[in-house]
Amino acid sequence: MDPADADAATATATATLVQELFVADGPVDRPVRIASLVAFQGDHRTLTERDLPRIASALIEDVAKEIAEEIDEEIDDHARPQLTDALARTLHALGTVDLDDLRAVRLGPEDFARHLAIAAPDADEELGPADVRTHASLREAVCAHILRFLTIRSPFVTAAEDAAFEERYARDIVAAHDHLTIYGIDLAHSPDSWPLDAAYLSLETETDGSGPSAPAEQALAGRTRVLLWGVAGSGKTTLVQRLAVSVARGDLPAPLEGLRGRVPFVLPVRRFRRDGFPEPDAFLSAVRYPHAAAQPPGWAERVLSRGRGLLLVDGVDEAPEEERERLREALRELPARYPGNVWLVTSRPSAVRENWLAAERFTELKLSPLSREGVTAFIRRWHAAARQDITDQIDLDRLSGYEETLLDAVRITRDLGRLATNPLMCGLLCALHRDRRGYLPRGRKALYDAALSMLLERRDRERAMLPPEGIDLPQEPKIQLLQKLAHWMLVNGRSEMDRTTAVETLGRHLPAIPHAARQGGPEEIYRHLLNRTGLLREPTPGSVDFVHRTFQDYLSARAVVERHDFDFLIDHAHLDDWEEVIRMSVALARPDECGYLLEGLLAARKDARPVHARHRKLLAAACLEHATELDPEVRSRVHRYTRDLVRPTSLEAARALGWIGPIVLEMLPDPSGVSDEEAHRLAVTATSIADDRAIDYLVRLRDRASWAVRAQLAGAWRRYDTDRYAEEIIGHLDERELDFPVSDLEELRALRRLGGRPCVQIAGALTPGQLAEGLVAERLTELWLAYDLGADLDLSWLAVFPRLEILRLSHRNAEVTGVPEGVQVIVAGA
């Protein structure tokens with residue numbers, strides 16, 4: 001028999017034995033004294049006291065495996081009669097203990113076992129010291145099964161226990177997730193993290209790239225199944241934290257009121273990536289929730305069966321490629337088995353294909369790169385969070401000055417603007433700018449080198465800190481040791497490792513790094529790296545990972561380049577989670593090494609699937625912008641091999657080109673002679689690149705009559721410089737049947753300068769006064785308010801638009817009043 005089947009059979013047998021101890025009837029709508037439920041006394045007895053030794057003997061047989069580690073040996077056959085008699089006396093005490101079922105369950109197995117021990121003081125009198133300890137372990141294990149039975153038996157006890165556990169679980173969710181670490185802060189009296197509310201920036205999402213972006217909270221409202229794409233550092237996990245904490249607290253933004261009362265399950269895929277998606281009652285243990293054992297039996301199953309769950313499955317890309325299909329099967333089967341729950345699944349875009357969960361009715365959303373306003377808001381919030389614990393006015397003034405100069409630098413300097421596209425990069429820029437007193441490095445390699453310097457050396461040195469625990473390691477040995485951990489994760493396809501494995505890995509490499517070996521053993525060095533580098537953390541007891549996957553990728557790339565292991569990279573280039581490592585390796589490698597790596601990506605491989613060959617060639621193209629120096633012949637070959645690949649044949653392929661970055665703009669074909677269908681695909685690709693250089697390419701598409709092309713160009717406005725895009729793109733688009741999106745006040749004013757438009761879509765939370773002043777009244781015939789306007793909506797202000805015929809609302813409202821006569825109101829989903 002399979003060991004798992006054997007364990008299940010044992011558990012069933014134990015439950016049957018425990019059930020035999022109690023009568024079948026009795027109240028279940030209120031607490032009941034345990035003594036009135038036992039089956040060996042009272043008017044409805046089904047057992048006699050002579051049956052207790054038989055049941056005790058069978059229970060010992062069943063639970064012996066459970067306590068094997070505690071007693072550190074098998075139960076001796078000679079001791080079984082005495083232990084059977086002792087446990088039978090303990091079971092008899094169930095008829096005398098003065099506890100009801102609810103109070104007993106709330107005590108827990110350990111305290112309930114103490115109550116029985118007090119009620120049966122003579123149970124141990126014939127046992128030796130070792131057997132007394134064995135009996136204590138047996139007693140507690142049997143008590144756990146009894147309490148499980150009492151919980152399942154009574155709906156009243158079940159409901160009370162569920163409510164008590166959910167209250168504790170909600171507090172733990174808030175404690176675990178209600179903070180954000182802003183990496184690299186080194187202010188002398190400032191903490192390393194801030195409350196989520198203070199540092200959180202609402203992220204923007206889009207559906208297919210053609211419509212306007214919308215705040216994530218708004219985009220998620222009313223949806224029960226969402227697959228959310230986002231590149232590394234885009235804020236996927238932060239959004240998961242925000243949702244979990246908001247639901248656990250019951251403090252929800254208006255668009256997400258529908259989530260009130262739900263139970264959040266934060267399920268990082270890396271925790272169960274190789275074991276498969278856990279069953280509901282194993283959710284908490286799979287993610288190493290420290291109090292998983294305290295959950296009432298069947299609690300998670302009941303939550304999901306009643307449609308009360310919020311399931312946050314974070315990081316599909318962290319499952320091995322060969323395991324993702326099994327993960328998809330679980331995401332097909334579980335929502336069908338437990339309808340009514342809300343599912344949010346996150347992934348890097350390159351890890352799953354478009355429509356990966358479409359058959360399961362998941363809506364696919366994509367986290368947008370930070371807009372200019374988003375970058376500004378992030379920088380403002382970062383500095384506001386940094387000010388929280390500063391009391392010296394000079395330091396406050398200095399920090400305010402850094403804030404303003406950084407905002408100017410990001411707006412003016414193209415390289416910085418290209419780096420500041422997601423929260424992670426913005427956080428690094430903020431920290432480095434402050435750390436270097438207004439100086440910023442250029443380019444990705446320089447950025448990460450500077451970040452490592454700040455975190456690993458300058459942070460403690462400039463605080464004049466004494467070496468903690470007597471360990472004082474320079475930057476380079478620390479980098480070498482961290483690279484060993486990162487490289488282990490890369491080779492083993494992991495983004496998290498056991499603490500024991502981490503210590504063993506360091507132990508193997510310490511002899512080759514004498515500066516570190518002289519200062520301590522593997523355990524001491526591990527603690528030093530964990531506590532002082534700012535790069536490692538222990539997300540749960542017994543495990544370690546990097547604070548962000550990007551640091552792991554960068555250090556992995558350093559390790560591979562130092563080992564000259566480029567064939568190793570080439571062999572794994574078809575795997576999605578190696579993309580960042582390979583791109584960073586190109587940035588770190590010498591010119592001849594870059595050439596070898598890129599040639600290897602282009603070379604035909606006999607065992608390569610067509611999709612993998614295409615992926616490798618696109619990756620070669622993506623790597624070009626990271627190569628500081630490269631043989632022109634190699635660069636030319638990359639262009640030649642990838643030229644045809646940048647003529648996408650589907651919208652999915654067109655969007656997939658976006659991850660390559662600005663380099664693809666140099667490779668896209670001239671759109672002047674292509675069909676409207678191909679022009680639309682080229683527009684999708686170009687607008688996926690949030691770089692103002694894309695405007696130069698999009699100008700060649702602006703005169704197309706195709707609605708799909710025009711809509712694609714109009715929907716991308718927010719990604720680029722407002723005035724330039726308005727002048728060079730928006731101002732030239734044919735107005736027919738086209739909704740012009742407006743996301744903020746700056747765009748509203750730009751559209752007014754263009755003379756207004758008949759059909760306008762408002763995607764940002766602008767006030768009625770701003771809209772009345774900013775929209776050109778004599779031109780407006782159709783208005784689409786694509787954001788949540790709240791309840792009890794008075795629309796009488798629309799009377800200022802005499803030609804308005806249609807009003808579209810993307811969200812239902814409690815009551816809409818004041819609609820001018822003759823205006824047709826269309827509500828989404830109505």
Is there a side chain to side chain donor-acceptor pair (under 3.5 Å) between Ser57 and Arg80 once you walk through the steps?
-> CA-CA 8 Å; Ser57 178; Arg80 280 182 183 270; over 6 Å; no

Minimum heavy-atom distance between [X] and [Y], given as atom pair plus value:
X: Ala141; Y: His145; result: O-CD2, 3.1 Å
X: Ala160; Y: Leu102; result: CB-CD1, 3.7 Å
X: Thr84; Y: Pro53; result: CG2-O, 3.3 Å
X: Ala330; Y: Pro335; result: O-CD, 3.8 Å
X: Val269; Y: Ala319; result: CG1-CB, 3.7 Å
X: Arg168; Y: Ala294; result: NH1-CB, 3.8 Å

Report the distance from atom [atom1] of [X] to atom [atom2] of [Y], rounding to the nearest 0.5 Å.
X: Gln241; Y: Ile173; atom1: CD; atom2: CD1; value: 10.5 Å
X: Leu87; Y: Arg139; atom1: CG; atom2: CZ; value: 9.0 Å
X: Arg103; Y: Asp111; atom1: CZ; atom2: CG; value: 10.5 Å
X: Ile118; Y: Thr96; atom1: CD1; atom2: OG1; value: 11.5 Å
X: Leu21; Y: Phe149; atom1: CG; atom2: CZ; value: 8.5 Å
X: Thr134; Y: Leu127; atom1: OG1; atom2: CG; value: 8.5 Å

Does [X] pair with [Y] as a salt bridge, N-O distance under 4.0 Å?
X: Glu325; Y: Arg328; result: yes
X: Arg54; Y: Glu20; result: yes
X: Arg153; Y: Asp101; result: yes
X: Glu360; Y: Arg225; result: no

For the backbone of [Y] and the side chain of [X], can you confirm whether one donor and one acceptor N or O come within less than 3.5 Å of each other?
X: Ser36; Y: Val32; result: no
X: Asp498; Y: Thr500; result: no
X: Glu364; Y: Val226; result: no
X: Glu49; Y: Gln41; result: no
X: Gln218; Y: Ala786; result: yes
X: Asn341; Y: Tyr338; result: yes

Go through Arg270 and Asp545 one step at a time and tell me if the salt bridge (Lys or Arg N to Asp or Glu O under 4.0 Å) criterion holds.
-> CA-CA 10 Å; Arg270 65 179 178 274; Asp545 66 3; 3.7 Å; yes

Step-by-step salt bridge (Lys or Arg N to Asp or Glu O under 4.0 Å) determination, Arg326 to Glu329 | CA-CA 5 Å; Arg326 189 156 63 119; Glu329 285 298 319; over 6 Å; no

Atom pairs and distances, side-chain donor-acceptor, residues 246-253, under 3.5 Å, sequence neighbours left out:
{"residue": "Ser246", "atom": "OG", "partner": "Arg242", "partner atom": "O", "Å": "2.8"}
{"residue": "Arg249", "atom": "NH2", "partner": "Asp178", "partner atom": "OD2", "Å": "2.3"}

Only counting residues at least two apart or in another chain, list the ones meeting side chain to side chain donor-acceptor pair (under 3.5 Å) with Arg33.
-> none

Contact check, side chains of [X] and [Y], non-hydrogen atoms, under 4.5 Å:
X: Phe283; Y: Phe277; result: yes
X: Val287; Y: Pro268; result: yes
X: Lys366; Y: Thr205; result: no
X: Asp131; Y: Gln82; result: no
X: Leu59; Y: Thr14; result: yes
X: Thr158; Y: Phe156; result: no
X: Leu220; Y: Leu365; result: yes
X: Ile146; Y: Phe112; result: yes

How about Tyr289 and Tyr169: are their ring centroids closer than 6.0 Å?
-> yes

Ring centre gap for Phe265 and Trp299 strictly below 6.0 Å | yes

Under the ring-ring contact (aromatic ring centres under 6.0 Å, His included) rule, what do His291 and Phe165 come out as? Steps first, then yes or no, please.
-> CA-CA 10 Å; His291 306 299; Phe165 179 75; 8.6 Å; no

Can Ile34 and Phe22 be said to form a side-chain contact (heavy atoms from CB on, under 4.5 Å), step by step?
-> CA-CA 9 Å; Ile34 293 174; Phe22 299 93; 4.1 Å; yes

Is there a side-chain contact (heavy atoms from CB on, under 4.5 Å) between Val63 and Leu138 once you walk through the steps?
-> CA-CA 7 Å; Val63 302; Leu138 286 168; 3.5 Å; yes

For Ile55 and Leu47, run side-chain contact (heavy atoms from CB on, under 4.5 Å): C-alpha distance rounded to whole Å, both residues' side-chain angles, the deciding distance at 0.1 Å, then the answer.
-> CA-CA 10 Å; Ile55 295 174; Leu47 297 175; 3.7 Å; yes

Could you go step by step and tell me if Thr48 and Phe40 meet the side-chain contact (heavy atoms from CB on, under 4.5 Å) rule?
-> CA-CA 5 Å; Thr48 68; Phe40 49 82; 6.0 Å; no

Over 12 foreign heavy atoms within 6.0 Å of CZ, Arg337 | yes

What pairs of donor and acceptor atoms, side-chain ones from residues 306-317 against any protein atom, are under 3.5 angstrom apart with sequence neighbours left out?
{"residue": "Arg308", "atom": "NH1", "partner": "Glu166", "partner atom": "OE2", "Å": "3.1"}
{"residue": "Arg308", "atom": "NH2", "partner": "Glu166", "partner atom": "OE1", "Å": "2.8"}
{"residue": "Asp314", "atom": "OD1", "partner": "Thr346", "partner atom": "OG1", "Å": "2.5"}
{"residue": "Asp314", "atom": "OD2", "partner": "Thr237", "partner atom": "OG1", "Å": "2.7"}
{"residue": "Asp317", "atom": "OD1", "partner": "Arg348", "partner atom": "N", "Å": "2.9"}

